[in-house]
Amino acid sequence: MKIKKLLMVLTMTVITMGISSCQTVEKPNSEQMYIEPAKLTEQEQNILNLLGTDNKDNLIADFKLDDNVKSMVVSQYRLEDGKWDPESKSSSMFTDNEGRFAISFERLSEGMRFALQSEKQKGSSTSHFTADDQMTDEQIALSKIGVGTTKLSNKTKIEYEKEIPLVLQVITSKNEIHLVLDSFDNPENYADKNYEAVYMITVKFSQQEIKNAG
């Protein structure tokens with residue numbers, strides 16, 4: 001049975017921040033646009049520990065952009081017939097030059113949570129299955145076998161309109177799991193592995209406005 005599509009519920013709050021007209025703010029140019037795992041302060045790490053948050057099931061990333069950014073899209077895919085089939089998508093208008101987001105999850109077959117924070121914007125979204133919030137037969141089967149996950153671990157250049165892989169997760173009963181995060185452009189590399197499920201989360205920054213964000 002194919003897993004049912006995910007429903008993305010997005011809540012985005014836009015906060016207007018006043019900036020003095022005499023204030024000069026340096027903006028990063030296109031060569032300085034990047035995304036990287038966040039370097040948490042000791043206090044931030046202590047808060048995560050207090051909440052009992054396991055870092056292996058989370059990705060917290062910082063990013064810097066230039067003045068041309070207009071929107072961002074976070075997508076979750078599942079590999080189907082050698083191609084990435086979109087299961088959920090969270091899109092929003094975004095015009096800040098830098099920000100931080102967090103992705104929390106266990107098994108991507110059950111959904112994830114995305115949270116964003118920047119100077120003018122903050123919000124969160126949650127993906128989940130809609131069938132009376134009950135697991136499908138396939139979800140139950142996937143919950144009983146092994147899982148392997150790899151996440152963004154290095155500073156990566158941002159290019160507009162190009163999806164950046166953030167998380168790759170394989171759920172399988174096999175003893176060996178092949179994990180290569182940059183395989184987003186080559187999904188065929190996983191087509192012959194016969195894994196029960198392969199998931200990918202990406203982010204894309206764009207110079208285009210989104211008419212119907214969500």
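Looking only at side-chain heavy atoms (C-beta outward), I164 and I35 come within less than 4.5 Å of each other. For the pair S92/I210, no side-chain contact is recorded, criterion being any heavy-atom separation below 4.5 Å from C-beta on. Contact check for L59 versus V167: side-chain heavy atoms found under the 4.5 Å cut-off. You'll find the side chain of V170 stays beyond 4.5 Å of the side chain of V147, heavy atoms only. Between S90 and S125, the closest side-chain pair of non-hydrogen atoms falls below 4.5 Å. Side-chain atoms of W84 and V198, non-hydrogen and from C-beta on, do get closer than 4.5 Å to each other. Looking at S75 and V73, their side chains come closer than 4.5 Å, going by heavy atoms from C-beta outward.
One finds the CE atom of M72 at 8.5 Å from the CG atom of L65 (value rounded to the nearest 0.5 Å). Rounding to the nearest 0.5 Å places CD of E196 at 7.0 Å from CG of L142. The structure places OG1 of T172 at 6.0 Å from CD1 of I145, a figure rounded to the nearest 0.5 Å. S206 OG to M93 CE: the interatomic distance, rounded to the nearest 0.5 Å, is 9.0 Å. How far CZ of F205 is from CZ of F94: 6.5 Å, rounded to the nearest 0.5 Å. Between L168 atom CG and S183 atom OG the span is 5.0 Å, to the nearest 0.5 Å.
Of all heavy-atom pairs between L152 and T156, the closest is CD1-OG1, 3.4 Å. Taking every heavy atom of both residues into account, D182 and P165 meet most closely at CA-CG, 4.4 Å. Shown here for S118 and G99, the closest heavy-atom pair between the two residues is CB-CA, 4.0 Å. Of all the heavy atoms in G82 and A191, the pair that sits closest is CA-CB, 4.0 Å. In this structure, M200 and L181 approach most closely via the heavy-atom pair CE-O, 3.6 Å. For A102 against I60, the heavy-atom pair with the smallest separation is CB-CG1, 4.0 Å.
The number of heavy atoms from other shown groups lying within 6.0 Å of CG (D81) does not exceed 12. When the shell of 6.0 Å around NZ of K70 is examined, it contains more than 12 heavy atoms from other residues, nucleotides or ligands. By the neighbour-count criterion of 12 heavy atoms within 6.0 Å, atom CD of Q117 is sparsely surrounded, having that number or fewer from other residues, nucleotides or ligands.
With R107 as the fixed residue, the side-chain contact (heavy atoms from CB on, under 4.5 Å) test singles out one of Q169, Q139, M112: Q169.
One N or O on the side chain of D96 and one on the backbone of K120 form a donor-acceptor pair closer than 3.5 Å. In this structure a side-chain-to-backbone donor-acceptor pair under 3.5 Å is present from Q76 to L108. A side-chain donor-acceptor contact under 3.5 Å links K151 to the backbone of N58.
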### Message
Could you go through R100 and D62, starting from their C-alpha distance and side-chain angles, then the distance that decides it, and tell me whether this counts as salt bridge (charged side-chain N to carboxylate O under 4.0 Å, His left out)?
### Response
CA-CA 4 Å; R100 170 176 287 186; D62 292 327; 2.6 Å; yes

### Query
Could you go step by step and tell me if I201 and I103 meet the side-chain contact (heavy atoms from CB on, under 4.5 Å) rule?
CA-CA 9 Å; I201 299 174; I103 298 174; 3.9 Å; yes

### Message
Could you go through L116 and K122, starting from their C-alpha distance and side-chain angles, then the distance that decides it, and tell me whether this counts as side-chain contact (heavy atoms from CB on, under 4.5 Å)?
### Response
CA-CA 5 Å; L116 170 69; K122 62 174 61 177; over 6 Å; no

### Task
Any chance you could lay out the ring pair (Phe, Tyr, Trp, His ring centres under 6.0 Å) test for Y199 and Y77, step after step, and finish with the verdict?
CA-CA 6 Å; Y199 295 93; Y77 297 89; over 10 Å; no

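Screening residues 158-168 for salt bridge (Lys or Arg N to Asp or Glu O under 4.0 Å), with sequence neighbours left out, gives no hits. Within the structure, ring pair (Phe, Tyr, Trp, His ring centres under 6.0 Å) contacts touching residues 160-180 (residues at least two apart or in different chains) are H178-Y190.
Ring to ring, F114 and F101 are close: their centroids are under 6.0 angstrom apart.
With 3.5 Å as the limit, one finds no donor-acceptor pair spanning the side chains of S71 and Q208. There is a side-chain donor-acceptor pair under 3.5 Å between D67 and N97.
In this structure, K64 forms no cation-pi arrangement with Y34, as its terminal cationic atom is not both closer than 6.0 Å to the ring centre and no more than 45° off the ring axis.
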